There are 2 protein chains.
Amino acid sequence: MKWDTLEEESCSLSRTVAVVGDRWTLLILRECFLRVRRFEAFQSSLQITRHLLSERLKKLVRFGILRRVPYSETPKRYEYILTQKGLDLYPVIMAMVHWGDTHMSDERGRPLLHEHKSCGKLFDPVMVCSECGEPLHAKQVHVHPGPGRMEATG
Amino acid sequence: MKWDTLEEESCSLSRTVAVVGDRWTLLILRECFLRVRRFEAFQSSLQITRHLLSERLKKLVRFGILRRVPYSETPKRYEYILTQKGLDLYPVIMAMVHWGDTHMSDERGRPLLHEHKSCGKLFDPVMVCSECGEPLHAKQVHVHPGPGRMEATG
DNA sequence: GTTTGACAGTTCTATTTTAGAACTATAGCC
DNA sequence: GGCTATAGTTCTAAAATAGAACTGTCAAAC
């Protein structure tokens, strides 16, 4: 399967995976949420090859997840800033971080703690139902075909 | 960066990405949550090559996300079932589905609708703070080093 | 005015991963 | 024996990634 096939499937997961479903993209997004914005900063903190970093940043800009904004005119230099579409990926990143905290931490505990500025407390992210507010569990969810559903795809 | 390097970083996102951070693994997990359990069923619904499917299933079993359970003795046949660790990935998958619904749907609308059996309504997943219950936004979260933090890693 | 260094990339070759197809093995059914 | 179903393994070709070196612009230092 090619990346562009994936993007056109009638499945929201496939479409998301087509955009952010590789390890470097996810790690780049982590850095974005940690306020990293510049090419050299991404490169040195991730140890990603410059070639791949360049490719991935272009892709994220192409999909409207990052904006390439000039911060210096001479020489021309740009930084990469999350758009709203990019900021909306926060639950994806946080869900992965929380799973890692829960299932992949060593005996020393979790690497980072998160403080919610609004309430001032250290927290974990919890996914709830938009309608009743209860935490979601896979076994209590039933799936129906929606209007954008096409045949022959998962 | 190699996959095993990633797994050992002191960052919960890296560790999660090391396990589920590739497109096929994420798509296989989608199928698991849609109650797919058998080799042939994964293969025909995903159009993944048999070789890669075999590799990915082994990896998921190795990490304790799937269990390989016999359902026939002669001939020996197995099916792959989510463990609790695997079920706990539900928020990751749902966060990606929701982002795809919001930002990658075409004019016809979303491909699947989700019903919460407990309350009977069609819902969207929302990520909230475990302490105050308010929806989480990237800009309202501050990060602190935790006990499992090592130097020199993101 | 030449050198040095920072920044943001591009280009090149070698290695690793993935795609695609064919093949293996066990067993039930006709 | 020949056909089908299931769950894989093995093989070669194509694509992606790693790793290192290179390009070009400009500012500041010597």
Side-chain angles (χ1 to χ4, degrees), chain A residues 1-9 14 17-29 31-32 35-62 66-81 154, chain B residues 1-9 14 17-29 31-32 35-62 66-81 154:
Chain A
M1 186 188 288
K2 311 282 170 51
W3 285 99
D4 39 343
T5 313
L6 201 53
E7 193 185 325
E8 283 154 18
E9 274 196 53
S14 298
V17 166
V19 184
V20 303
D22 73 279
R23 59 181 146 167
W24 284 124
T25 300
L26 289 164
L27 293 172
I28 288 168
L29 286 169
E31 296 300 302
C32 292
R35 275 77 174 175
V36 170
R37 303 176 153 206
R38 298 186 183 178
F39 191 94
E40 295 295 321
F42 287 112
Q43 205 278 319
S44 73
S45 75
L46 291 174
Q47 298 295 103
I48 184 177
T49 65
R50 309 177 71 77
H51 177 64
L52 268 200
L53 176 57
S54 174
E55 291 280 303
R56 291 294 189 273
L57 290 174
K58 273 183 204 153
K59 182 173 176 183
L60 288 168
V61 169
R62 184 156 43 81
L66 297 177
R67 258 178 317 135
R68 189 160 172 268
V69 181
Y71 72 89
S72 151
E73 282 305 320
T74 61
K76 275 270 186 192
R77 300 234 189 284
Y78 299 89
E79 51 190 13
Y80 296 89
I81 300 185
Chain B
M1 185 190 288
K2 310 281 171 49
W3 286 99
D4 40 341
T5 314
L6 201 53
E7 193 187 327
E8 283 155 18
E9 272 196 54
S14 297
V17 166
V19 184
V20 302
D22 73 280
R23 58 182 145 164
W24 284 124
T25 300
L26 289 164
L27 293 172
I28 289 169
L29 287 169
E31 296 300 303
C32 292
R35 274 77 174 176
V36 170
R37 304 175 154 206
R38 298 185 183 177
F39 191 93
E40 295 296 320
F42 287 113
Q43 205 277 319
S44 72
S45 76
L46 291 173
Q47 298 296 102
I48 184 177
T49 64
R50 310 176 71 77
H51 177 63
L52 267 201
L53 176 58
S54 174
E55 290 282 302
R56 290 295 189 274
L57 290 173
K58 273 182 203 156
K59 183 173 176 182
L60 288 168
V61 169
R62 183 155 42 82
L66 296 177
R67 258 178 317 134
R68 188 161 173 269
V69 181
Y71 71 90
S72 150
E73 281 305 321
T74 61
K76 274 272 186 191
R77 301 237 188 281
Y78 299 90
E79 51 189 11
Y80 296 89
I81 300 185

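These figures come from a predicted structure and were not determined experimentally. Here is the naming used below: chain letters follow the sequence lines, and residue numbers restart at 1 for every chain. All values below come from the heavy atoms of this structure, side chains included, with hydrogens, waters and symmetry mates left out.
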Phosphate-side-chain proximity, A:Arg68 and C:dG9, N/O vs OP1/OP2 below 4.0 Å: yes
For B:Glu40, all residues meeting salt bridge (charged side-chain N to carboxylate O under 4.0 Å, His left out), sequence neighbours excluded: B:Arg50
Under the side-chain contact (heavy atoms from CB on, under 4.5 Å) test, residues paired with B:Ser44 that sit two or more places apart: none
B:Tyr78 side-chain N/O to C:dT26 phosphate OP1/OP2 under 4.0 Å: no
Separation of atom CD in B:Gln43 from atom P in C:dT18, rounded to whole Å: 16 Å
Touch class at under 4.0 angstrom, heavy-atom based, for A:Phe42 against every strand present: nothing
Five-pair end axes of the helix from C:dG1-D:dC30 to C:dC30-D:dG1 and the angle they enclose, rounded to 10°: 10°
Between C:dT10 (P) and A:Leu53 (CG): distance, integer Å: 10 Å
A:Ser54 side-chain N/O to C:dT10 phosphate OP1/OP2 under 4.0 Å: yes
With A:Tyr78 via side-chain contact (heavy atoms from CB on, under 4.5 Å) - residues at least two apart: A:Arg68, A:Pro70, A:Lys76
side-chain contact (heavy atoms from CB on, under 4.5 Å) involving B:Arg23 - partner list, sequence neighbours excluded: A:Trp3, A:Leu6, A:Val17
Non-hydrogen side-chain atoms of B:Tyr80 and B:Ile28 separated by less than 4.5 Å: no
Straight-line distance of A:Leu27 CG to A:Leu53 CG, nearest 0.5 Å: 11.5 Å
Distance in angstrom units between B:Phe39 CZ and D:dT6 P, rounded: 12 Å
Reading 5' to 3' through nucleotides 13-28 of chain D, protein heavy-atom contacts under 4.0 Å coded B for base, S for sugar-phosphate only, - for none: ----SBB-B---BSS-
B:Glu79 CD to D:dA7 P, straight-line distance once rounded to whole Å: 8 Å
Residue list, side-chain contact (heavy atoms from CB on, under 4.5 Å) with B:Ser54, at least two apart or on another chain: B:Phe39, B:Lys58
Heavy-atom check, side chain of B:Thr5 versus side chain of A:Gln47, under 4.5 Å: no
Between OG1 on residue B:Thr49 and CD on residue B:Glu55, distance to nearest 0.5 Å: 9.0 Å
Quick one: which protein N/O atoms are closer than 3.5 Å to N/O atoms of nucleotides 1-4 of chain D? Pair and distance per line, please.
none

Among C:dG9, D:dT9, C:dA8, the nucleotide that comes nearest once only the side chain of B:Lys58 is considered: D:dT9
Contacts of type salt bridge (charged side-chain N to carboxylate O under 4.0 Å, His left out), residue A:Arg38, not counting sequence neighbours: A:Glu79
Residue-phosphate contact under 4.0 Å: B:Tyr80 side-chain N/O, D:dT6 OP1/OP2: no
Any donor-acceptor pair under 3.5 Å from B:Gln43 side chain to B:Ile48 backbone: yes
Whole-Å distance separating the CG atom of B:Leu46 from the P atom of D:dA7: 15 Å
